[in-house]
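Remarks on the structure that follows.
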Amino acid sequence: MQRTVSSLPIAPPVKVKLISSGFQYVADLCDLRPLQLSKEAGISQQEAVDVLQEVRGKRDQGVAPGGGLTALELFEKEQGLGSIVTFCSALDSVLGGGLPVGKTSEVCGAPGVGKTQLCIQLAVDVQIPLCFGGLGGHAVYIDTEGSFLVQRVVDMAEAAVKHCSLLAEDTEQREALKGFTLETILSNLFLFRCHDYVELLAEIYLLPDFLAQHPEVRLVVIDSIAFPFRHDFEDLSQRTRLLNGLAQQLIQMATQHNIAVVLTNQMTTKVGNGQSKLVPALGESWGHAATQRLILHWEGQQRLASLYKSPSHPEATVPYQITVSICNPLTVTSGSFHHSSIH
Amino acid sequence: MASRKLRRSSVPADVCERLSRHHIETCQDLLSLTALEVMCLAGQSYAQACQLLRLVSQICAPKMTTALELWKQRADQYFPTSLAALDHWLQGGLACGTLTEMTGPAGCGKSQLCMMLSVLATLPRSMGGLDGGVVYIDTESAFSAERLVEIAQNRFPDHFSDRKRIVEMAGRVHLFRELTCRDVLNRLQHLEEDIISCQARLVILDSMASVVRKEFELSLPGNLVHRSNLLGQQAAMLKCLAQEFSIPVKHCSNVKDHLWKSLQRFRDWSKEYVSEEAPGCNSEKHVWSLEVLLTNQITTHLGERPSVSSKWNSLEGFVLPGDGDSGYVTAALGNTWSHTVNTRLILQYLDSCQRQIIVAKSPVAPFAVFNYSVQRDGIQLEGWATKKRSPYGAPGPFRHPTCSPCSAWAGPKGEGVVDEAAEEGLLTGCFSTALSEGRTGLQSWRRGIASHAPWGVCATVCVQASATPPYPPWAWPLTDSLLSLPSICERVVLIRGPLHKQAFDLKAEQTGSTPNRAPVSELFFAECIRL
């Protein structure tokens, strides 16, 4: 199978010139020298050098740029990656130990149900040292709504530190605890405040460089991705294109840098056939963007979390609560979530 | 900055030239394109296009800060409202840099609260103020300068005894009367200049909903999107300003309250109009109304039938919670707006003289209810005893997960006792009914409950039970309206007496499962009666 010149990622004017000079396939370009190419195609010498580097680079790389992985290698890699606990045992069990690293997860819910709280909790939990079962990583928090309040982080951080200090048994854990204080937690939480979608897109473009400079980062939270895209867009197809591009970049970052990406989405109503139901915002195509989807909703006066989409775990719904520091589950009896069933 | 011209950034001139031929002038235009599009339009290779995007991103991207830095600046983060209990609950007051919304029915006191906060904002820091100006955007002509002065003089009589100080305070409050949406939008667009020139520390918008709902007749299909866009733009603008200047922005909206009968109207209309506003799922089971949607207001008149929640069935997606069985009031302007505001306070009438303020949505505080009244010196909270202990105890047997039980109880004496009894979760935000026979002092209990129970969730009924003790669970009261009570109540308390003064907790479930009987402490009852 031969690769055509028109599929190369070179500048369009150069491409046009190459094709009009008769170079159809990459194989035609392989053995040429730059001066020869520039004379034949009518392009400048620098452009010729670029084209040849591109072509040769592709050949040397082999079949797939990323290399091939066997499923066994992937399995071992995933086992080693770990997950981020949420301190809500029911939720953790539904997610299979916590939020998976290396994948994108989406959290949807109505206003006031606790999405931001969950995100802040994860940002604190990712920093728990390895010997306590955490990841010992840093967190990046991209806030588009302005709902990030430091006081809440302080509450949760203090509770996490207290929780860990109660658990510390051996010297290794006690050592680790010295590096796990309120100040370190706060200083390892990197915050970006984006006011509109342009800033958000700009930040996502720059994020790979940031992650390369800070290899300790294990979590990126975008809260929320819906807010900047829900108004101000007349051209919905442009919005879809931008969102898709964003999703791809995030997935790439998640796999390359081994981070967990958490996106927060809002809910919107769909009215039809005389009923209305709440569906996640940003449209149908956005549903494909995240690998996992968690939907938080109310049932009566109980908050529930449903794992709606996941490649590895079954769908399940669990109750949760928001307390001062950690999310507590309520005991569930025989499939009924109504709290009156508890004595 | 997004609107920065590409020419002023370090993008090479020839690339700028090529892009401007396709009308791509600003950073925003460039970043709205994908890399492939940039490749085609700028005539560059893929790697170069990515590089260009990264370059432009560096101009537009926000600066990084850490949570630690934010925490260190936190002295400036809250605006105390001078309502001590509310401030304590909100961990300091209204958060600066975020949007706070106050909603409530007409005449509840929103404008009064706004005026009181305007006075507070002009006070020096030593007195708990922000020492700055106030930008007051008034769409309903509810602002009254005389009232402002009256509040100031009565609330801080020492400080404002000097006439000069009053003049200075009044001079710091800048009033803008805007009567149409377009005017409001213009005002917001120029708000930055106003804020800087007035040295404002507080921006009050009273109220958004009135102009929006006046102008956007929701029966016209295009208007909903247009209106949402408008609201969205304003929200974003306000938030951006709030962040930049780190000032609290307050916003009051009206609430339309309809009777539950308009549920039918809504169902008819919803077939024709695509509505974006959702019955949002909040802790108080809201159903909202906008011209098309419905708001129920809970009252203690038990003659109303709860509306059928079973009509909402879903084939996919999530069912909206059953409305009407505890119709709660909520704010106008829809679901998207609910997502937008960071803190929501709901003002509500409890009965003809009592009013309540509810913390409905807040990133730092749980749901709570406070009683207040409007006095000469502004708003005063009443009957509130600040509970020092954490509102989130371990879940008890009857404890409502989202309500904080004891905090609503202000025992005039024997507070500890009331706490203990309330530990058993007697009246913790659930819909409770008390059936009693004879004279058990229920009247005073009811008065006590009504003033202290969490908002709108307690109905007490005094009924002469016909059966003799011990009361079987099926001895429900006979009147028609009350027959429906068990289905809408989560807990039913049966009070025996007068001799025994014991209350039994009977679960009221439609399935008629075995009720639990837990005698509530007698002492609690005795205290209640004294309330």
Side-chain angles (χ1 to χ4, degrees), chain A residues 9-13 50 110-113 116 146-147 149-154 183 186-187 189-196 198-199 201-203 205-206 227 230-232 238 241-242 245 266-271 274-279 297-298 300-302 321 323-324 330 339-340 342-343, chain B residues 2 28 31-32 34 40 43-46 53-54 57-58 60-62 64-68 70-71 74 91 95 97-98 229 232-233 239-240 243 267 270-271 274-276 278 280-283 312 314 317-318 320-321 335-336 338-339 342 361 363-364 390 392 395 397 400-402 490 507 516:
Chain A
I10 49 182
D50 288 337
V113 78
T116 306
S147 46
L149 282 184
V150 184
Q151 189 52 45
R152 204 68 188 112
V153 185
V154 168
E183 279 76 28
L186 290 179
S187 59
L189 189 70
F190 303 110
L191 193 59
F192 294 91
R193 174 79 170 95
C194 297
H195 295 105
D196 54 24
V198 179
E199 288 190 16
L201 287 171
E203 191 49 50
Y205 277 121
L206 295 180
F227 181 67
R230 279 187 84 185
H231 59 91
D232 236 5
Q238 185 196 30
R241 261 178 299 144
L242 287 176
Q266 297 173 353
M267 301 292 259
T268 181
T269 330
K270 213 158 91 158
V271 179
Q275 323 161 351
S276 49
K277 40 190 201 295
L278 277 185
V279 296
H297 57 114
W298 295 96
Q301 277 153 334
Q302 174 63 47
Q321 260 186 312
T323 64
V324 171
L330 280 184
H339 71 97
S340 65
I342 306 160
H343 182 49
Chain B
Q28 176 169 355
L31 283 175
S32 306
T34 60
C40 295
Q44 300 196 317
S45 68
Y46 189 70
L53 282 171
R54 263 207 292 275
S57 301
Q58 268 160 359
C60 296
M64 180 195 82
T65 171
T66 60
L68 191 63
L70 223 57
W71 191 44
R74 76 189 190 286
Q91 316 253 7
T98 60
N229 271 341
Q233 278 172 16
K239 278 197 168 177
C240 200
Q243 184 75 22
R267 274 209 301 266
S270 64
K271 289 185 187 126
V274 173
S275 136
E276 209 186 52
C281 309
N282 263 342
S283 60
W312 298 99
S314 82
F318 286 93
L320 298 166
N335 194 27
T336 314
S338 302
H339 278 294
N342 301 112
K361 178 185 178 193
V364 289
S390 159
Y392 303 103
H400 192 289
T402 56
E490 292 173 17
K507 290 293 169 47
N516 294 303

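Naming convention: chains lettered A, B, ... in sequence-line order (proteins, then strands); numbering from 1 in each chain. None of these values were measured; they are calculated from a predicted model.
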Evaluate the side chain to side chain contact (heavy atoms under 4.5 Å, CB included) criterion for residues B:Thr65 and A:Phe192: first the C-alpha distance (whole Å), next the side-chain angles of each, then the deciding distance (0.1 Å), finally the verdict. CA-CA 6 Å; B:Thr65 171; A:Phe192 294 91; over 6 Å; no
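Residues B:Met64 and A:Phe190 come closest through the heavy atom pair SD-CD2, 3.6 Å. Heavy-atom minimum distance, A:Leu206 versus B:Ala61: CD1-CB, 3.5 Å. When every heavy atom of B:Leu70 is checked against every heavy atom of A:Val150, the shortest pair comes out as CD2-CG2, 3.2 Å.
Using a 4.5 Å cut-off between heavy atoms, A:Gln238 touches chain B through its side chain atoms alone.
Atom CD of A:Glu199 and atom OG of B:Ser57 lie 11.0 Å apart (nearest 0.5 Å). For the atom pair A:Ile10 CD1 and B:Gln44 CD, the distance stands at 13.5 Å (nearest 0.5 Å). The distance from the SG atom of B:Cys60 to the CG atom of A:Leu201 is 9.5 Å, given to the nearest 0.5 Å. Of the inter-residue distances, the one linking B:Trp71 atom CH2 with A:Glu183 atom CD reads 5.5 Å to the nearest 0.5 angstrom. Between atom CG of residue B:Leu68 and atom CG of residue A:Leu191 there is a gap of 12.0 Å, rounded to the nearest 0.5 Å.
By the side chain to side chain donor-acceptor pair (under 3.5 Å) test, B:Ser45 pairs with B:Gln48, sequence neighbours left out. Judged as a side chain to side chain donor-acceptor pair (under 3.5 Å), and not counting sequence neighbours, A:Ser187 has no contacts.
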